Amino acid sequence: MKNKQITVALAGNPNSGKTTMFNALTGARQHIGNYPGVTVEKKEGLRNYQGYEINFVDLPGTYSLTAYSIEEIVARNFILDKHPDVVVHVVDSSNLERNLYLATQLIEMGTKLVLAFNMSDVVKQRGCEIDYAKLSKLVHCPIVPTVGNKAKGLDELLEVIVAAADGPALSESGSIIHYGSEIEQELEQIAALVNQEHQLVKKYGTRWLALKLLEQDKEVLDKGHTDEVIQAVAQSVERIGKHFGDEPEIVVADKRYGFISGACEEAVKNSVENRHTASDLADKIILNRVLGLPIFAVLMYAVFKLTFWLGGPPMDWIEIGKVWLAEVVTGFWPAGTESVLQSLIVDGIIGGVGGVIIFLPNIILLFLAIAILEDSGYMARAAFLMDRIMHKIGLHGKSFIPMLIGFGCSIPAMMGTRILENRRSRFTTLMVIPLMSCGARLTIYALIIPAFFAAKWHGLMMWLIYMIGVVLAIMCAKLLRSTLFKGETVPFVMELPPYRVPTLRGILTHMWERSWLYLKKAGTVILIISILLWAATTYPKPNESALTGLDARQVQEAELNYSVAGRIGSAMEPAIRPLGFDRRIGTALIGALAAKEVFVAQMGIVYSIGEADEDSDSLRAKLKENYSPLQGFCIMLFCLISAPCVATVAVCKRETGSWGWAFFQFFGLTALAYVITLAVYQIGSLFVG
Ligand code: GDP
Ligand code: MG
């Protein structure tokens with residue numbers, strides 16, 4: 001029987017033991033020549049193994065596969081033009097991170113790849129332990145440990161080589177590295193145009209071409225592209241340059257290194273590799289098992305503290321502006337001629353939208369801080385630190401980032417889940433995000449806590465309510481992952497990009513995108529809802545005769561009770577009484593559906609206090625008069641857990657692509673809120689009466 005012939009190329013960094021391996025594999029059956037047209041030595045050798053005649057080709061040693069040196073071009077073109085059945089990358093596994101850079105490029109070429117982890121004796125000697133199975137899963141190709149100069153691991157290597165040769169071809173995407181939304185977006189645009197260059201695509205694959213074009217690879221740029229493609233590439237390069245302050249090539253390389261160092265962090269134990277760079281040194285401290293989490297906690301505290309501290313004055317200015325605007329508008333109507341339109345503009349629009357815009361400074365500052373943490377490379381580390389904890393609830397460390405953003409606002413947080421490639425993880429995260437207390441809920445806490453609790457308990461109460469949200473989110477995620485979104489946690493690499501000083505432009509772009517979303521919500525959804533709510537609390541109006549003899553405050557209350565909102569509140573009363581809530585709270589809860597912060601404004605209206613905002617001591621006094629601390633706590637609890645605001649529901653629909661999930665979240669959380677609040681109120685009542 002004739003042997004099946006296959007060609008296997010050996011690639012690797014210089015001094016990785018490639019030639020040693022080549023000799024050990026082929027023995028004396030070698031043929032030395034030159035690659036056509038260049039003075040680079042080409043060694044070929046034969047080896048028979050289990051019915052295969054394997055033609056090994058020793059490629060020139062390279063650190064990378066760019067078009068900068070003749071060796072790199074030769075090695076790359078051999079793989080692209082000659083299509084070897086399998087490429088074996090001989091890795092100096094005692095210098096793993098540096099060597100794997102080449103592997104990321106080989107993988108992206110879509111070739112069938114086997115990694116020979118050579119020098120594994122050195123690794124052992126240094127007390128290092130590599131989890132081959134795990135690493136192999138992370139980089140999507142088989143790994144065989146070898147010792148070239150002792151000819152160890154060769155049979156295993158041959159076995160894996162023939163298995164790979166017979167195995168299925170890799171999918172074209174071959175992409176294991178996600179380059180981040182900015183770069184992926186550019187890649188997508190270039191790919192769309194490149195796709196029309198059929199000949200090239202057939203030979204090289206769309207993604208590889210797009211990536212190389214973006215990297216400004218000389219060889220690939222000279223392949224006779226259409227003007228359209230060349231122009232699109234130039235624009236992409238410019239945009240990336242502006243955003244990152246670096247050439248795409250450098251940004252892409254950073255991402256690859258980030259991927260590798262993330263993979264090694266997960267799969268290599270007790271690494272005593274010599275790490276000299278400042279970035280590595282910083283990671284020693286920041287990713288330290290003991291110090292990591294406290295550092296993270298302190299940073300987060302600083303972010304929240306700064307957000308509210310710096311945000312204070314501009315919030316006051318907006319408040320002043322709002323009052324001024326309301327006065328000016330009121331002034332258009334001479335006293336005694338107040339009209340429906342005036343009430344609509346002043347009470348409905350300025351009151352409602354203004355109440356939301358007032359949090360804009362908070363939101364901008366929070367997003368600014370998050371953008372800095374993200375662009376500097378810290379956020380990826382934070383996610384890495386949380387990975388172990390998140391894994392326990394069946395989520396990836398990356399889920400933590402959108403959850404963190406959820407403390408600001410659920411909307412950008414939900415959009416942030418796009419960084420999660422796995423659908424199950426992504427949907428689980430989406431579902432629990434509203435349990436992270438958003439900035440709007442903070443206004444409710446800020447109203448309630450000082451009303452019922454002594455000053456020394458304020459901080460603790462706030463912490464408690466936030467923690468309840470976090471713990472519930474964890475429990476719900478665990479539940480979802482073991483029921484609706486059941487399935488293995490797919491291991492995928494956390495990228496640890498090098499630290500870099502963020503560019504002003506990059507930060508401002510990130511910050512602006514998110515703040516703009518918030519403003520848009522205020523200008524659209526909240527504007528409409530404010531008008532609707534205003535109408536619901538104003539109409540229908542009771543008969544004039546019913547109001548005679550009442551003072552101004554009583555008139556306002558009577559009118560509210562007669563209105564749609566008041567009636568719904570009354571109708572709800574039997575259902576919410578077991579939670580410790582009355583008709584008035586019911587009315588305010590309806591308002592909170594529009595936006596959580598509306599609750600505060602609604603309570604103000606219900607208690608007929610003109611200037612109702614969270615600082616209003618008179619409203620707090622009213623609350624203290626009418627409710628117990630337990631009821632106050634239950635209000636916070638219910639507002640924390642129950643139905644997310646309408647804007648969030650809309651975004652959930654967009655991100656999940658179905659109203660089904662959005663409603664599931666809406667009703668699921670409301671039901672959960674009902675049950676928990678019921679339990680707390682009923683059990684609590686037994687103790688505090
Ligand atoms: P190349 O430049 O990639 O072809 O690497 P070489 O084949 O010239 O090997 C470089 C050096 O590493 C030689 O001195 C080899 O004897 C040595 N070497 C090769 N493989 C191993 C190995 O697995 N363990 C150890 N300790 N040394 C090795
Ligand atoms: Mg050599």
Side-chain angles (χ1 to χ4, degrees), residues 7-35 38-47 54-66 68-79 84 86-107 111 113-132 135-136 141-161 260 264 267-268 270-274:
T7 304
V8 174
L10 289 185
N13 289 13
N15 290 318
S16 59
K18 202 156 49 62
T19 305
T20 312
M21 289 289 288
F22 178 78
N23 290 339
L25 285 164
T26 61
R29 301 170 66 191
Q30 296 187 0
H31 169 80
I32 301 177
N34 264 354
Y35 285 96
V38 290
T39 55
V40 176
E41 189 189 68
K42 181 185 187 184
K43 275 209 249 175
E44 288 181 82
L46 291 175
R47 168 74 183 248
I54 308 172
N55 180 29
F56 280 102
V57 179
D58 190 5
L59 296 177
T62 60
Y63 291 108
S64 163
L65 287 176
T66 52
Y68 283 122
S69 74
I70 193 72
E71 282 80 10
E72 291 187 24
I73 294 175
V74 165
R76 184 164 104 180
N77 286 348
F78 183 84
I79 296 170
V86 176
V87 175
V88 174
H89 176 199
V90 179
V91 174
D92 174 357
S93 51
S94 67
N95 192 2
L96 199 51
E97 295 195 18
R98 182 172 186 188
N99 271 249
L100 282 179
Y101 188 72
L102 180 62
T104 61
Q105 292 183 312
L106 288 166
I107 292 164
T111 174
L113 187 66
V114 172
L115 299 182
F117 269 32
N118 201 30
M119 313 267 182
S120 55
D121 52 336
V122 182
V123 175
K124 239 188 223 142
Q125 237 170 47
R126 291 194 192 156
C128 234
E129 231 183 283
I130 300 174
D131 185 340
Y132 294 105
L135 195 56
S136 160
C141 55
I143 298 177
V144 182
T146 59
V147 184
N149 55 352
K150 305 247 169 65
K152 273 194 197 159
L154 296 187
D155 283 338
E156 290 86 331
L157 183 60
L158 286 163
E159 185 77 48
V160 171
I161 289 172
I260 294 165
C264 290
V268 181
N270 189 13
S271 165
V272 273
E273 241 174 64
N274 291 327

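Whatever order the structure lists them in is the order used to number ligands and atoms, beginning at 1. Computed from a prediction, not measured in an experiment: that's the story for all the values here. Because only heavy atoms are used, hydrogens play no part in the values below, and waters and symmetry mates are left out as well, while side chains stay in.
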Practice item. Run the contact test for G61 against ligand 1 with a 4.0 Å cut-off on heavy atoms, strictly below, and give the result. Key: no
Practice item. Just jot down the ligand 1 atoms closer than 4.0 angstrom to any heavy atom of V122, in number order. Key: 26 (N)
Check your understanding: Any idea which of K150, Q125, M119 brings a heavy atom closest to atom 12 (O) of ligand 1?
Key -> M119
Point to revise | Within-cut-off N or O pair, P14 and ligand 1, under 3.5 Å | key: no
Exercise for review: Return yes or no for this condition: an N or O of S16 is under 3.5 Å from an N or O of ligand 1.
Suggested key: yes
Check your understanding: Under the side chain to side chain contact (heavy atoms under 4.5 Å, CB included) criterion, do L157 and M21 qualify, and how do the steps go?
Key -> CA-CA 11 Å; L157 183 60; M21 289 289 288; 3.6 Å; yes
Check your understanding: Short list, please: which atoms of ligand 1 are under 4.0 Å from a heavy atom of N15?
Key -> 1 (P), 2 (O), 3 (O), 5 (O)
Check your understanding: Going through the distances and angles, do N118 and S16 end up as a side chain to side chain contact (heavy atoms under 4.5 Å, CB included)?
Key -> CA-CA 7 Å; N118 201 30; S16 59; 5.8 Å; no
Practice item. Could you pull out all residues at least two apart from A11 that satisfy side chain to side chain contact (heavy atoms under 4.5 Å, CB included)? Key: L59, V87, L106
**Study point:** Numbering as shown, the atoms of ligand 1 that approach V147 to under 4.0 Å (heavy-atom distance)
**Key:** 22 (C), 23 (O), 24 (N)
Exercise for review: Please work out whether any backbone atom (N, CA, C, O) or any side-chain heavy atom from C-beta onward of D121 is under 4.0 Å from ligand 1, and answer side chain, backbone, both or neither.
Suggested key: side chain
Check your understanding: Looking only at heavy atoms of N13, does any of them come nearer than 4.0 Å to an atom of ligand 1?
Key -> yes
**Study point:** Check: T146 main-chain N/O paired with S120 side-chain donor or acceptor under 3.5 Å
**Key:** yes
**Study point:** Criterion side chain to side chain contact (heavy atoms under 4.5 Å, CB included) on K18 and N13, from CA distance to verdict
**Key:** CA-CA 8 Å; K18 202 156 49 62; N13 289 13; over 6 Å; no
Review point. Near K18, which atoms of ligand 1 are under 4.0 Å from a heavy atom of that residue?
Key: 1 (P), 3 (O), 4 (O), 5 (O), 7 (O)
Point to revise | Which residues share a salt bridge (charged side-chain N to carboxylate O under 4.0 Å, His left out) with K42, sequence neighbours left out | key: E44
Exercise for review: Find all atoms of ligand 1 within a distance of less than 4.0 Å from any non-hydrogen atom belonging to T20, and give their numbers and elements.
Suggested key: 6 (P), 7 (O), 9 (O), 15 (C), 19 (C)
Check your understanding: NZ of K43: more than 12 outside heavy atoms within 6.0 angstrom?
Key -> yes
Practice item. Let me see the working for L96 and F117 under side chain to side chain contact (heavy atoms under 4.5 Å, CB included), right down to the final yes or no. Key: CA-CA 9 Å; L96 199 51; F117 269 32; 3.5 Å; yes
